[in-house]
Amino acid sequence: MGTVYYVSKNMGLGILVLAFSALATIIALSIAYNKERAKNRGKLEGGASDSTTSMPPTGPFTPKEPWDHFRLPDSLIPVSYNVTLWPRLEPNADGIYVFTGHSTVEFRCVRDTDLIIIHSNKLNFTTFFGHHAELRALDEATVPSIQSSWLVVKTMYLVLKLSSSLSKGASYVLYTEFMGELADDLEGFYRSEYVKDGVKKVVATSQMQATYARKTFPCFDEPAMKAVFNVVIIHRRDTVALSNSMEIDSSDSLFDGEPVRITTFEPTKRMSTYLLAFIVSDFGNIGSKDKDLLIRIWAQKEAIDDGQGTYALNVTRPILQFYEKYYGTKYPLSKSDQIALPDFHAGAMENWGLVTYRETALLYDPTLSSTGNKERITTVISHELAHMWFGNLVTLRWWNDLWLNEGFASYVEYLGADYAQPTWNIKDFIILYDVQKVFAVDALASSYPLSRPEEEINEPAEISQMFSTISYSKGAAVLRMLSEFLTEPVFVRGLNSYLNTFAFNNTVYTDLWDHLQKTVEDTPDLHIPQTIHSIMNRWTLQMGFPVVNIDTRTGSVSQKHFLLDPYSVVNRPSQFNYTWFVPIKWMKNGVEQPLYWLLQKTDTNSQMRVSGGDWVLANTNVSGYFRVNYDLENWDRLLSLLNTDHQALSILNRAQIIDDAFNLARAKIITTSLALRTTKYLSKEKEYIPWESALRKLDYYIIMFDRTEVYGALQAYLRKQIKPLFEYFRTVTNNWKDIPTRHSDQYNQVKAIGVACSMGLEGCRDLMKSWYKKWMENPSHNPIHPNLKGTVYCHAIALGGVEEWDFAWRMFQNASLASEASRLRSAMACTKTPWLLNRYLEYTLDPKKIRKQDAISTISNIARNVVGLPLAWNFVREKWSYIFEQYGKGSFSFSNLVSGITMRFSTEFELQELKKFKEDNLHVGFGSGSIALEQAIEKTKANMKWVAENKAEVLKWFTEEAT
Ligand SMILES: *[C@@H]1O[C@H](CO)[C@@H](O)[C@H](O)[C@H]1NC(C)=O
Ligand SMILES: *[C@@H]1O[C@H](CO)[C@@H](O)[C@H](O)[C@H]1NC(C)=O
Ligand SMILES: *[C@@H]1O[C@H](CO)[C@@H](O)[C@H](O)[C@H]1NC(C)=O
Ligand SMILES: *[C@@H]1O[C@H](CO)[C@@H](O)[C@H](O)[C@H]1NC(C)=O
Ligand SMILES: [Zn+2]
């Protein structure tokens with residue numbers, strides 16, 4: 001996973017002089033080419049320069065030239081690279097950080113061509129006889145000479161036109177020397193800066209996915225262009241260099257009188273460019289070696305000395321062992337490094353053998369981190385390690401299939417985490433974190449299918465858009481459904497066969513279906529009514545999902561494309577007419593029934609016809625990716641069961657009934673009152689997942705109505721419902737002195753306090769204020785349990801003034817643990833004081849105050865606050881072109897900004913503002929946020945209708961139920 005954002009930098013010309021001497025030093029390292037190069041070296045070609053060799057040599061611009069296409073031609077295939085890189089951790093005379101390097105790539109010609117087209121972006125080249133590279137043949141083939149060479153900025157290529165054609169079947173070697181900026185743009189080879197004890201420190205690190213390897217060295221930068229990489233890194237002797245494979249040699253040398261160390265790495269396995277990683281830092285590590293596998297956790301030395309890497313180290317080996325068993329394949333590499341970086345945009349990136357993380361996603365402090373932090377660390381590690389096989393060993397051919405890579409890792413991360421933490425019941429959480437989350441997005445008419453045709457995804461911005469909730473969470477939900485109906489042993493057998501067949505190679509998603517299908521055919525007692533292809537095509541090639549209607553009076557079962565907004569129009573045709581092959585697990589009166597397949601639009605299942613007090617519940621444990629609706633009588637029976645004996649249904653089913661009901665009400669399939677009635681039993685509910693499901697749904701009522709008179713009645717009702725839970729945890733925790741033992745109870749305690757305080761339950765707010773006050777009185781001793789900190793900080797800051805806020809700001813700046821800093825950063829957005837919020841918004845533009853990686857989420861947090869919303873909206877509109885320039889291009893969280901800001905929009909006025917915003921900024925663009933913007937417009941319209949239709953009913957219901 002992982003995408004990063006774009007930054008432009010002014011770069012002086014003086015750099016060229018310095019660059020040359022640096023390059024000259026590097027050249028001395030290269031064994032080949034010495035003689036030819038000597039005469040004609042030293043001219044650097046600018047990536048964006050207008051010098052003559054940077055233009056195509058002849059003719060007017062025609063978009064049909066091979067270098068105008070974003071996809072590489074299929075004539076050349078890389079075999080191996082020798083890459084040497086030398087990042088400078090100090091700025092040069094012009095204040096610019098650079099890296100220099102040289103690379104040889106051996107490639108095979110598989111189709112005659114007189115063009116070499118290889119990716120290169122923002123690199124300046126040393127020229128040889130006026131050209132950007134040198135070409136030589138392997139074996140006996142003759143080498144054509146280079147006629148001309150140039151860089152194409154738009155499609156990011158270095159192009160070499162040859163005097164004659166390369167011969168099919170022959171191999172060649174291309175040599176380049178280049179230099180790039182080690183910018184702080186989080187793309188490619190970049191620098192990460194942080195301050196330690198008042199001293200600025202610099203780390204050189206990398207993020208190649210999806211299209212940034214080409215910004216580090218010239219390469220065939222597509223996932224199917226796998227090759228072996230021989231990496232050498234030159235670095236200061238007080239630093240350590242890391243890459244994907246194990247370091248095998250290290251020697252000291254003097255370049256330009258500068259003492260350096262040269263670290264050589266063993267050849268990598270055959271791998272894709274987007275999984276490369278190069279890091280130079282003065283970090284420390286904690287490691288363990290067992291049999292053949294070395295596992296290391298890297299971070300700033302202080303964090304390692306403080307033991308913050310221990311938890312990650314503890315869980316890594318069991319998780320790897322779990323996957324070795326699950327995938328039926330040994331861990332493919334000789335070492336596993338994981339490193340926490342202070343400046344990192346994505347949560348983590350699965351570089352093969354050298355996984356990079358945000359500090360919050362890897363470092364754990366037993367006394368300072370919360371249960372949530374610990375869980376996140378466990379699941380993120382599990383997700384990234386899942387990719388070591390699925391994604392890295394076997395790689396999808398092109399980015400259009402990203403959903404399979406990310407969906408798969410997002411599903412099995414729960415299995416790996418469950419193995420490492422078996423008491424957590426972590427597998428259940430997929431319902432909250434993925435299934436319910438993506439149901440919300442995928443129920444919009446503007447959704448899109450999981451799988452996209454390869455030819456639709458070409459440019460980097462299109463590739464970035466693939467990193468979406470749909471890919472991750474719907475992918476996970478659909479694969480979980482597949483594993484459920486095949487049963488896990490069958491799913492795993494097919495998976496093993498797929499991985500073994502395509503190891504070190506590339507696939508398309510149907511290759512997995514082929515192997516699963518074969519496994520199904522080899523399993524005689526498994527009955528699947530259709531092929532895996534035809535079942536899965538309906539889930540991957542059409543957007544959305546069905547609502548299954550079960551009429552227990554007649555036994556009729558039917559399906560319909562579920563759309564959250566009943567008035568929305570679907571413009572995207574589907575070859576399957578929005579019908580699915582639906583595997584329905586179900587139960588009658590608590591007894592599990594045989595799996596039932598709904599294969600048509602309507603069907604009858606006489607087993608589902610019941611009467612009297614008998615009830616039917618379908619989609620048990622939410623194993624399928626669909627919603628369920630019943631006739632009113634069955635709804636009544638389920639609701640009365642909840643009220644009398646809610647434990648007769650599993651935790652997941654309780655959660656699902658609530659989630660389905662609220663969504664069906666939004667879609668006008670059932671009444672809003674019926675949905676609200678599913679929350680009445682909550683006064684008896686002690687479990688987290690049903691509560692969380694309900695609160696997420698009620699959150700919609702809160703954001704739609706917290707600026708209206710409905711809010712008072714809503715608060716009164718929720719106060720009444722939460723009170724027993726709040727009191728329960730007060731008792732369980734011995735009047736808030738202890739922490740509940742069960743994992744999910746720890747979350748639920750936080751929920752109980754959070755809701756109680758938001759709804760104004762007697763005693764809650766004073767508790768928050770008093771805890772925070774104790775901390776303010778003695779800042780070096782924080783008495784608040786890490787689990788509760790986020791909630792306590794937020795409420796105390798909301799109830800307090802500038803003193804509370806400034807205290808949080810000081811603590812934020814001094815925080816030694818990243819997750820503590822992150823909690824404070826969110827909590828500071830909770831203040832109700834407009835000038836504090838405005839000041840905070842301004843801080844997001846200053847990377848010294850709020851790191852770039854955190855700017856977008858800080859603005860979104862402010863927009864989530866009812867007082868902050870209009871301020872954040874004004875701010876974003878005013879600064880749009882700047883924000884877009886900084887964060888918009890290819891950023892994953894950028895769409896979160898758009899959806900965060902527009903979350904409460906529900907009036908005609910707000911809709912007009914949004915449309916105007918879109919028009920006013922068409923010339924600037926919306927980049928990876930453009931789908932989110934369309935969705936925001938659609939959502940605003942749906943909100944307007946919903947409020948108009950439901951306000952009276954909701955006010956009446958809450959008023960009646962509040963007493
Ligand atoms: C590359 O060349 C361009 C144009 O000559 C120059 O502006 C830029 O600073 C150079 N970049 C590096 C990293 O040297
Ligand atoms: C790459 O480096 C290896 C090891 O140093 C060497 O054997 C090989 O010849 C080099 N390949 C090329 C194409 O220069
Ligand atoms: C790591 O494992 C060791 C040995 O099992 C255990 O003593 C220690 O508490 C664990 N540390 C963390 C932070 O989980
Ligand atoms: C990769 O898979 C393709 C298609 O199945 C096959 O032709 C090729 O030989 C494989 N390559 C490697 C290196 O295994
Ligand atoms: Zn991933």
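Position 1 is the first residue of the sequence, and the numbers go up from there. First listed ligand is number 1; within each ligand, the first listed atom is number 1.
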All ring-ring contact (aromatic ring centres under 6.0 Å, His included) counterparts of Y274, not counting sequence neighbours: W399
Pull out every atom of ligand 1 sitting under 4.0 Å from any heavy atom of E181, numbered as shown with elements. 13 (C)
Suppose I only count heavy atoms of G180 and a 4.0 Å limit; which atoms of ligand 1 are within that range? 13 (C)
Any nitrogen or oxygen of N82, side chain or backbone, less than 3.5 Å from one on ligand 2? yes
Have a look at E406 and say which of its N, O or S atoms is nearest the Zn ion (ligand 5). OE1
Under a 4.0 Å N-O cut-off, is there an ion pair linking D185 with K215? yes
So what does the H383 NE2 - the Zn ion (ligand 5) - H387 NE2 angle come to, to 10°? 100°
Contact check: N124 vs ligand 1, nitrogen or oxygen atoms, below 3.5 angstrom: yes
Check this for me: R397, atom CZ, are more than 12 non-hydrogen atoms of other residues, nucleotides or ligands nearer than 6.0 Å? no
All ring-ring contact (aromatic ring centres under 6.0 Å, His included) counterparts of F491, not counting sequence neighbours: none
For the pair E134 and R136, find out whether any cationic side-chain nitrogen is under 4.0 Å from an anionic carboxylate oxygen. no
